[in-house]
Amino acid sequence: MAKSKEAAPDIPFRIMPALTDLNAHFWQGGRDGELRFQRCKGCGYYLHPPSVICPKCWSKDIGIEAVSGRAEVLTFSVNVQNWMPGLEPPFVLAIVRCLEQDDLRLTTNIVNIDPYEVTIGMAVQVVFEPHVDQEVWLPLFEPAK
Amino acid sequence: MSEATDLIGERRAVISGVGQSDIGRRLFRDPLELTIDACLAAIEDAGLTTADIDGLSTYPGATGPNGFSGGGITDVHDALRLNVNWFTGGLEYPGQLGAVINACLAVSAGLCKHVLVWRSVYEGSAQGSGGRAAVMPGGGSTTTSFKASGFMQWLLPFSAPSAATWIAMYAQRHFHEYGTTREQLGQIAVNSRKNAALNPKGIYRDPMSLDDYLAARMISTPLCLYDCDVPCDGGTAVIVSRVDTIPDLRKPPIKVEAVAAATHGRPSWDQYDDLASMPAQDAGKELWKRTDLKPSDVDCAQMYDGFSFITVAWLEGMGFCKKGEAGPFLEGGQRIALDGELPLNTNGGQLSSGRLHGFGFIHEACVQLWGEGGDRQVPNNPEVAVACSGGGPMASTLLLTQGR
Ligand SMILES: [Zn+2]
């Protein structure tokens, strides 16, 4: 993997998210090894991307909770084109669904597997890529153990 | 049709003229010049003068990354010294042709009579030798000062800057759910290449076989190089006029039968519920509620192909085939050929004739309805056409008919 001079060894350059009060729980939960989402205290619905109101019960009483980090691959693509410096192709871009809720999903990379062996429906689990100097821990996924 | 006719306001709008600048892979000309060339050509085509233009509408306005916009409202307004009663330009539209739909609504509401609508790009020149990375967020550099925000924060950190990879995931899901194959998908690119060969303004006009397509290098599975459109320089303009101005026009205008621009569900590339489709299906569903015409009445379809799978989403979303059946519909390519049951992207689409970003489709729909297609003219006097733009969470569609 290509390295930027700011990042730790073996950590590819990545464009980082702009951290805000609303999204920090998601990007920084990995510091404690946790995949975190907003969750409505009124009805238990997980919200992602973060919002200011629960779209199910309209409660504004929203907390932050960790999920198990276990998920299912909804779809993926083996990206071959080199668009930008950083992660070395081929790599897998995927949309995964967290097991806790049918519509709790995120775009991510599937790692620690031959890119051409990823399949739709595959069980995966979160693994964090630390960008400590940027205070961001990227939630990536690998085959479930 | 489920809407009351008096609520279908877009029927008070017609398309009176279209125009296009030179189009090329890299022209290295001032993008505003391309824009103005297209605008003046459209005004002349309609039989009008700049003094008649009293409305302006464009996508995306003077904004976006390098090469994305060849001129906003103010640029054109001032360059042509217009007097306008209404204008709008913006990025948050339901697909690029949202700018045309806005114009239809403005004339229907009586705010103006003749709206100049345009979209121009100079991505070819802007990319230069830097490739697509040169026009991407962050400019392809490894600087840590650029941070992703808005919806891009959920994609860019995962090294996914291009819609190619986002749309590849939709295609993969479609392949998985419905058994669609690369051989079937490839017919879209092969068909576009055939049509571009007949279009003097086509960019890639050399023959391409299905084998050539299958042998092309992969970009992001299952999409290969020929599933991706061609960055180019060029401007396209259309004039939307109010129906009571028809006597002032040079030729019988194209009638706007119905428009739609729906997105039902989450407006997002990765949160939209149905990952084997797109809001094209929502726009399609709404369109057919506004007309007595049926998909089987359509004589040619000009549907967005920034990446070939988007056309699949439109084929199904517009009801030209059943959901999940675009693969078999495309098989062999005969149905979508110039002499097939649904001639598709008859100018070569964006895949072979350049990313004019949505406006090439409405231009071509009008050219075909006017019978001005030359070598690529759809046979048997086409009377009904659709123009569809946008992919992912953005979708806008217009159903157009011959005015005579
Ligand atoms: Zn709730």
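Each chain gets a letter, A, B and so on, in the order the sequences are listed, and its residues count up from 1. A quick note: this is a predicted structure, and the numbers were derived from the prediction, not measured.
Annotation for A:D21: atom CG does not count as buried by contact number, only 12 or fewer foreign heavy atoms lying within 6.0 Å. Within a 6.0 Å sphere centred on NZ of A:K60, heavy atoms belonging to other residues, nucleotides or ligands number 12 at most.
Heavy-atom distances place the side chain of B:L275, and not its backbone, under 4.5 Å from chain A. Looking at A:N23, only its side chain comes within 4.5 Å of chain B, counting heavy atoms on both sides.
Expressed to the nearest 0.5 Å, how far CD1 of B:I219 lies from CH2 of A:W83 amounts to 5.5 Å. The OG atom of B:S268 sits 8.0 Å away from atom CZ of A:R105, with the distance rounded to the nearest 0.5 Å. Rounded to the nearest 0.5 angstrom, A:Q81 CD and B:C228 SG are separated by 8.0 Å. Distance CG/B:D273 to CG/A:D102: 9.0 Å, rounded to 0.5 Å. Distance CH2/B:W166 to CD1/A:I95: 11.0 Å, rounded to 0.5 Å.
Side-chain contact check for A:L140 versus B:F158: some heavy-atom pair is nearer than 4.5 Å. At least one side-chain heavy atom of B:S159 sits less than 4.5 Å from a side-chain heavy atom of A:R14.
Below 30°, between 30° and 60°, or above 60°: for A:W27 and B:W154 the angle between ring planes is below 30°, a parallel geometry.
In this model, no donor atom of one side chain and acceptor atom of the other lie less than 3.5 Å apart for A:N79 and B:T165. Side-chain contact, A:S77 with B:S220: a donor N or O sits under 3.5 Å from an acceptor N or O.
Nearest approach of A:V78 to B:T221, heavy atoms of both residues: N-OG1, 2.8 Å.
Contact count versus chain A (heavy atoms, under 4.5 Å) is highest, among B:Q271, B:R266, B:R217, for B:Q271. Among the candidates B:M169, B:M218, B:K147, B:Q153, the residue making the largest number of heavy-atom pairs closer than 4.5 Å to chain A is B:M169. Heavy-atom pairs under 4.5 Å with chain B were tallied for A:D103, A:L74, A:L19; the largest tally goes to A:L74.
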Exercise. Assess whether side-chain contact (heavy atoms from CB on, under 4.5 Å) is satisfied between A:T75 and B:Y170, documenting all intermediate values.
Key: CA-CA 7 Å; A:T75 189; B:Y170 280 81; over 6 Å; no
